[in-house]
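Convention: sequence-line order gives letters A, B, ...; per-chain numbering from 1.
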2 protein chains.
Amino acid sequence: MPSLAGFTATAALLADPARSAMLHALLGGEALTAGELARIAGIAPPTASGHLAQLLAGGLVAVHRQGRHRYHRLASEEVAAALEALGCLAALADGAAPRRRAWPHGEAFRTARLCYDHLAGRLGVGLHARLTAGAWLVPAPGGWRLSGEGAQRLAALGLDLDAARRARRFACDCMDWSERRPHLAGGLGRALAQALLRQGWLRRAAPRADDPFARRRLAPTPEGARVLREAFGLDLAA
Amino acid sequence: MPSLAGFTATAALLADPARSAMLHALLGGEALTAGELARIAGIAPPTASGHLAQLLAGGLVAVHRQGRHRYHRLASEEVAAALEALGCLAALADGAAPRRRAWPHGEAFRTARLCYDHLAGRLGVGLHARLTAGAWLVPAPGGWRLSGEGAQRLAALGLDLDAARRARRFACDCMDWSERRPHLAGGLGRALAQALLRQGWLRRAAPRADDPFARRRLAPTPEGARVLREAFGLDLAA
DNA sequence: GGGCCGCTTCGGCGGCGCGCGAAGCCGCAC
DNA sequence: GTGCGGCTTCGCGCGCCGCCGAAGCGGCCC
């Protein structure tokens, strides 16, 4: 059973406007740099740095260095769950109708979504697992490279592999926030997402003013579900 | 979507040791007076009064006057959910094993438990509903009184109705925290709980040092489940 | 009615922590 | 190497909030 001190310390981390603005920005699942988070929270970089250090020490965010940038993301799904529960409570107190999910990042968001320009959610994680398990992708310095069979089969799905190879990184892992396992980023991840969207196998949700994350939500079309099952053995309903 | 200000205001309510001690004390589902909560939190009555006013304004607790006492309870199940989610998070940050339920007031606790000396949870609420719907209990000033048939059938179950009538209040409602509907309190509620326990139809869980609420948890024996079904049409599994 | 008791309101004190600017560190680009 | 830009550490000021004692209000009991 957690100590009361730990409980209040964690709650205190959420009780500051700047910190909670940062956390809510990270709810989308993308990793953001300290500077971006400072701008979002409307505070100076030194202040943001201090807040992020606290969130890190409190285990609410995790950090990931990349060059001179430091990317921050939510540390675990429990953080998102706590934010959601508290948000639900605050909405009730505001006199809002007693809705159960105050945040729109529910189950639908975890099935398939865009992370930057590549695929995330169960779809992204499942593809990563399938491509590596089937040796379509094989380890390479700094990430992955395509095997001969992998290149052939992905090209057959309409991926622009030449464009993918021109990217700064061809294929690397990106930690999936909701699944806690990696999905595929880099030029290949981008090419994969573009191909599935271009062929009409995935469809983007319509942007909504009241939901800044709607534009990143994805859903497979019936035809797309068939292709994913046949080509990769993926069943998103599972 | 709730405002960020509301979110931080709610989180701030949880970020104080005294307030969160009070809320965790209320997690058991009993309504407690301001004085009891002050003692639990280890603060002076005026300080507790201020905190309770804040929790009330923030919609986290509800209050219920009875004579010169003011009984406080959690305002909604969402409050308990948020406390649990945050507690889970704090336990993770404390380096604990990533358990999912940090608080033991899960489903089992909602099935059947003692509230002071009477029955609560689905069992208590179900009995209340059955007794009133079947006109075993009929409205009376300040609560309920037994109808002739009600008295006969409850006496047949072994209730000490004379002792019940000697209580300050014979039968009145007590709001059930987990079910949001009333269960039966007063002398009759006490007599009911005692009879079911004495006959071995309900069994109390063993006290546990790491779980202050274990001693209030109840479970029907197989024989008890049969009696509850036959006498009241209650099926706790439902 | 008198006294007690539970609870609240008021006023003043003290400390935690949020905020920023200035300065320093480090990786990258030219 | 040199310069730039992202980020952190340091130091200080200020405001918010928790804390209590004293006093006031209202219900209850003898």
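- A/H64 and A/Y71 have tilted rings, their planes meeting at an angle from 30° to 60° on a 0 to 90° scale.
- Counting only heavy atoms from C-beta outward, the side chains of B/L83 and B/V79 approach each other to under 4.5 Å.
- At least one side-chain heavy atom of A/M22 sits under 4.5 Å from a side-chain heavy atom of A/I43.
- Between A/V61 and the options A/L32, A/L26, A/L37, a side-chain contact (heavy atoms from CB on, under 4.5 Å) holds for only A/L26.
- Taking atom NE2 on B/H69 and atom C1' on D/dC28, their separation rounds to 9 Å, with Å as the unit.
- Using a 4.0 Å cutoff on non-hydrogen atoms, the parts of residues 44-57 of chain B near DNA chain D are B/A44, B/P46, B/T47, B/H51, B/Q54, ordered by number.
- The two residues A/L161 and A/A151 have their closest heavy-atom pair at CD1-O, 3.6 Å.
- If you measure from atom CD of A/E36 to atom P of D/dG5, you get 17 Å, rounded to the nearest angstrom.
- Overall, the helix from C/dG1-D/dC30 to C/dC30-D/dG1 carries an axis bend of 30° between its ends, with five pairs at each end and the value rounded to 10°.
- With contacts defined as side-chain heavy-atom distances shorter than 4.5 Å, the pair B/L86/A/L14 qualifies.
- Inter-residue side-chain proximity for A/L114 and A/R204 is flagged as met; some heavy-atom pair is nearer than 4.5 Å.
- Residues A/L184 and A/L119 form no side-chain contact, since every pair of their non-hydrogen atoms from C-beta on lies 4.5 Å or further apart.
- The two atoms that bring B/A62 and B/L56 nearest to each other are CA-CD1, 4.0 Å, heavy atoms only.
- A/R19 comes within 4.0 angstrom of sugar-phosphate atoms only, judged by non-hydrogen atoms across all strands, and of no base.
- Residue order along DNA chain C, read from the 5' end via each residue's closest nucleotide, puts B/R68 first among B/R68 and B/H72.
- The footprint of chain A on DNA chain C, defined by a heavy-atom cutoff below 4.0 Å, extends from C/dC18 to C/dC28.
- The aromatic rings of B/W144 and B/H128 lie perpendicular to each other, with more than 60° between the two planes, well past the 30° mark.
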